Asks: 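Take a look at this one; I'll ask things after.
Note that the structure is a prediction, hence the values are computed from the model and not measured.
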Amino acid sequence: MLDVIIAVLVTLVVVAPVSAYIATNYRKKVVESQIGSAEEKAREIIDEALKTAETKKREAQLETKEESIRVKNELDKEVKERRAEAQRYERRIQQKEENIEKKADAMEKKEASLAAREERLNKQREEVSKLNEQRLQELERISGLTSEQAKEYLLKIVEDEVKHESAVMIKEMETRAKEEADKKAKEYVVTAIQKCAADHVSETTISVVQLPNDEMKGRIIGREGRNIRTLETMTGVDLIIDDTPEAVILSAFDPIRREVARIALEKLIVDGRIHPARIEEMVEKAQREVEVMIKEEGEAATLEVGVHGIHPELIKLLGKMKFRTSYGQNALKHSIEVAQLSGLLAAEMGLDVRMAKRAGLLHDIGKAVDHEMEGSHIQLGSELCRKYKESATVINAVESHHGDVEAQSLIACIVQAADTISAARPGARRETLETYTSRLRQLEEITNNFKGVDKSFAIQAGREIRVMVVPEQISDSDMVLLARDVSKKIEAELEYPGQIKVNVIRESRVVDYAK
């Protein structure tokens, strides 16, 4: 068995190299045959590629020649076109140069002709100036005036003509404007006055208390006058007990104190117990009643006018105005009337009626405290309105209703007009003789200060001023300007109700005697 295996192994050892050799030779032959065929194919491909490349090269050369020929033709064509265009430009430039040369020649000819004409004009001007000098000399010789004198004369004539024409124009324009403004203003004012007709009762500085009998006078005086002294001390009012039957007069410039005294005295008379302690008690009660009355009067005024949202302190001050007067006119009634008139005027003009009423009601609020604090009622009123947060429109109306500050709204102008209407109603205010005569004197002094005024006379209680002028100094045209200047100065320097008519009179008289 071992021999067999060895034999097999030997056989294998011998056969394996032989087999490998034979296989290697076979594969080598096969590979050589394949390489030979591949080389032949490669040579064929290379030959064909060379032929194709030669063909492509020839085609490319042909295309290049054709393209170069085409480009050359196009360039030749473009060159020809540009040469033609350049020739056209050259012809145009030549034509322009020829035209410019022609124009230059024409300009030279014109300049020469203008120079000649200017020379002739200079000669003519010299001749004209000489003729003018001769004419002026001849005119001066004939008229007997120099050129300056003649110029002044002509200027004076022209000035007089212009002054006359301007005066006529001013008069016509003022007349037309006044007619239109007066018509509208009268319509508004008359409508407002008709809708607001207020009663006026002049206030006084005394009050009268009726007594049940004359025996009460002695009880009011008291033992050794102690009752009357207590009452006068507590109220600050003078009691006048005279021969008037069954009446006692209370005299004081402060209406609030006078009202407290009147209420306290009436309570004492009803009670019958009159002695210093009871007097003090009744005076305190009367003061409380007056304070309540003041508040109620202020509230009633706001309700009557229809104004709401006013600060309570301002309402108290409004009620306090019931006991204040201005030239005999009750301040609260005046404020209510101004508020109503302001509202009516605002409605006619299409403005805010509530704001106008509010401004009219508060316009004199400073009068409620002006005797207790320093300053005019305008300053105090504006400070109070600012303190209690009133609007800028109301504050401006308070400040401007007497013209101290410029009005910044139509409502302020309306309040100013309503205040004037209320004060100018017949019987609304009383004026002292001293104030009346002072206004007349100031009116005459203002007019007498104008140049050319001879005399002036204030007539019709100061509602008209008649101005007599010197005829030699004031012409008819100057009268119009003088009347306007006088009226403007009166408006600026005087305060007055209503309006003042300025009447300028120029009169010339010539007197001779037949003998």
Asks: If I take atom CG from residue Leu344 and atom CD1 from residue Ile414, how far apart are they, to the nearest 0.5 angstrom?
Replies: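 That separation rounds to 10.5 Å.
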
Asks: Mind checking whether Val504 and Val486 have side chains closer than 4.5 Å, heavy atoms only?
Replies: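 When only atoms from C-beta onward are counted, Val486 and Val504 do not touch, as no gap falls below 4.5 Å.
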
Asks: Do you know the tightest heavy-atom contact between Met321 and Ser335?
Replies: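 Heavy atoms only, the tightest pair is CE-OG, 3.1 Å.
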
Asks: Compare all side-chain heavy atoms of Asn122 with those of Arg125 and state whether any distance is below 4.5 angstrom.
Replies: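 Asn122 reaches Arg125 side chain to side chain.
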
Asks: Under 3.5 Å, side chain of Asn396 to main-chain N/O of Glu406, donor-acceptor pair present?
Replies: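 Yes: the side chain of Asn396 pairs with the backbone of Glu406.
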
Asks: Determine the minimum heavy-atom distance between Glu390 and Ile395, stating which atoms define it.
Replies: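 Smallest heavy-atom distance, with atoms named: O-CD1, 3.7 Å.
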
Asks: Any idea which heavy atoms bring Ser456 and Glu444 closest together, and the distance?
Replies: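 For Ser456 and Glu444, the tightest heavy-atom pair comes out as OG-O, 3.3 Å.
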
Asks: When rounded to the nearest 0.5 angstrom, what is the spacing between NZ in Lys57 and CG in Leu50?
Replies: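 Lys57 atom NZ to Leu50 atom CG measures 11.5 Å (nearest 0.5 Å).
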
Asks: Nearest heavy-atom pair of Leu332 and Ala301: which atoms, and what distance?
Replies: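 So the two residues come closest at CD1-CB, 3.9 Å.
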
Asks: Is there a side-chain contact between Val338 and Asp364, using heavy atoms and a 4.5 Å cut-off?
Replies: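 A side-chain contact under 4.5 Å is absent here.
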
Asks: The test is side chain to side chain contact (heavy atoms under 4.5 Å, CB included); show your working for Glu127 and Lys130 and say whether it passes.
Replies: CA-CA 5 Å; Glu127 292 176 358; Lys130 289 179 181 179; 5.7 Å; no

Asks: Would one find more than 12 heavy atoms of other residues, nucleotides or ligands at under 6.0 Å from atom CD of Gln61?
Replies: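 More than 12 heavy atoms, drawn from other residues, nucleotides or ligands, come within 6.0 Å of this atom.
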
Asks: Would you say the side chain of Val502 lies within less than 4.5 Å of the side chain of Glu464, judging by non-hydrogen atoms?
Replies: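 Not in contact.
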
Asks: From Leu318 CG over to Thr302 OG1, what is the distance, rounded to the nearest 0.5 angstrom?
Replies: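 So the CG of Leu318 and the OG1 of Thr302 are separated by 7.5 Å.
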
Asks: With side chain to side chain contact (heavy atoms under 4.5 Å, CB included) as the test, would you mind laying out the steps for Lys387 and Glu313 before giving the verdict?
Replies: CA-CA 10 Å; Lys387 180 180 179 181; Glu313 292 298 325; over 6 Å; no

Asks: Check whether any side-chain heavy atom of Glu337 lies under 4.5 Å from a side-chain heavy atom of Leu341, and answer yes or no.
Replies: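 Heavy-atom side-chain distance check passes, below 4.5 Å.
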
Asks: Donor-acceptor check, side chain of Lys357 to backbone of Gly343, threshold 3.5 angstrom: yes or no?
Replies: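 No, Lys357 side chain to Gly343 backbone: no donor-acceptor pair under 3.5 Å.
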
Asks: If you apply the rule side chain to side chain contact (heavy atoms under 4.5 Å, CB included), what do you find for Ile294 with Lys322, and how did you get there?
Replies: CA-CA 8 Å; Ile294 286 172; Lys322 176 182 172 63; over 6 Å; no

Asks: With side-chain hydrogen bond (donor to acceptor under 3.5 Å, both in side chains) as the test, pick out the partner of Tyr89 among Glu85, Arg91, Gln87.
Replies: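 In the set Glu85, Arg91, Gln87, the residue that makes a side-chain hydrogen bond (donor to acceptor under 3.5 Å, both in side chains) with Tyr89 is Glu85.
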
Asks: Evaluate whether atom NZ of Lys489 has more than 12 neighbouring non-hydrogen atoms of other residues, nucleotides or ligands under 6.0 angstrom away.
Replies: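 Counting other residues, nucleotides and ligands, NZ of Lys489 exceeds 12 neighbours.
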
Asks: Please find the pair of heavy atoms, one from Arg466 and one from Ile459, that lie closest to each other, and give the distance.
Replies: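 That would be NE-CD1, 3.2 Å.
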
Asks: Any chance you could measure Ile365, atom CD1, to Glu383, atom CD, to the nearest 0.5 Å?
Replies: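 The distance works out to 13.5 Å.
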
Asks: Specify the closest pair of heavy atoms between Leu362 and Val398, including all atoms of both residues, with the distance to one decimal.
Replies: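 Heavy atoms only, the tightest pair is O-CG2, 3.6 Å.
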
Asks: Quick check against the 3.5 Å criterion: does Arg358 have a side-chain atom that pairs as donor or acceptor with the backbone of Gly309?
Replies: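 Between the backbone of Gly309 and the side chain of Arg358 there is a qualifying donor-acceptor contact (under 3.5 Å).
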
Asks: I need the Lys367 NZ to Ile378 CD1 distance, nearest 0.5 Å.
Replies: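 Between Lys367 NZ and Ile378 CD1, I get 9.0 Å after rounding to 0.5 Å.
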
Asks: Quick one: do Arg120 and Lys123 satisfy side chain to side chain contact (heavy atoms under 4.5 Å, CB included)? Show the steps, please.
Replies: CA-CA 5 Å; Arg120 289 196 300 271; Lys123 291 180 180 179; 5.7 Å; no

Asks: Just how far is it from atom CG of Leu361 to atom NE2 of His334, taken to the nearest 0.5 Å?
Replies: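 That separation rounds to 11.0 Å.
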
Asks: Does a salt bridge link Arg70 with Glu74, judged by any charged N lying under 4.0 Å from a carboxylate O?
Replies: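 Looking at Arg70 and Glu74, the cut-off is met.
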
Asks: Check whether any side-chain N or O of Asp419 sits under 3.5 Å from a backbone N or O of Val415 as a donor-acceptor pair, and report yes or no.
Replies: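 Absent.
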
Asks: Counting distance only, does the side-chain N/O of Arg506 pair as donor-acceptor with the main-chain N or O of Met479 below 3.5 Å?
Replies: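 Not a single qualifying donor-acceptor pair exists.
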
Asks: Which of these, Leu351, Thr393, Leu345, sits in a side-chain contact (heavy atoms from CB on, under 4.5 Å) with Leu410?
Replies: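 Checked Leu351, Thr393, Leu345 against Leu410; only one passes side-chain contact (heavy atoms from CB on, under 4.5 Å): Leu351.
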
Asks: Report yes if some heavy atom in the side chain of Arg43 is under 4.5 Å from a heavy atom in the side chain of Glu40; otherwise report no.
Replies: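 Yes, their side chains come closer than 4.5 Å.
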
Asks: Take atom CD of Glu48 as the centre, draw a 6.0 Å sphere, and report whether it contains more than 12 heavy atoms from other residues, nucleotides or ligands.
Replies: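 Counting neighbours around CD of Glu48, 12 or fewer heavy atoms of other residues, nucleotides or ligands fall under 6.0 Å, so no.
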
Asks: I'd like to check Arg386 versus Ser382 (side-chain heavy atoms, cut-off strictly below 4.5 Å). Are they in contact?
Replies: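 Counting from C-beta outward, Arg386 and Ser382 do come under 4.5 Å.
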
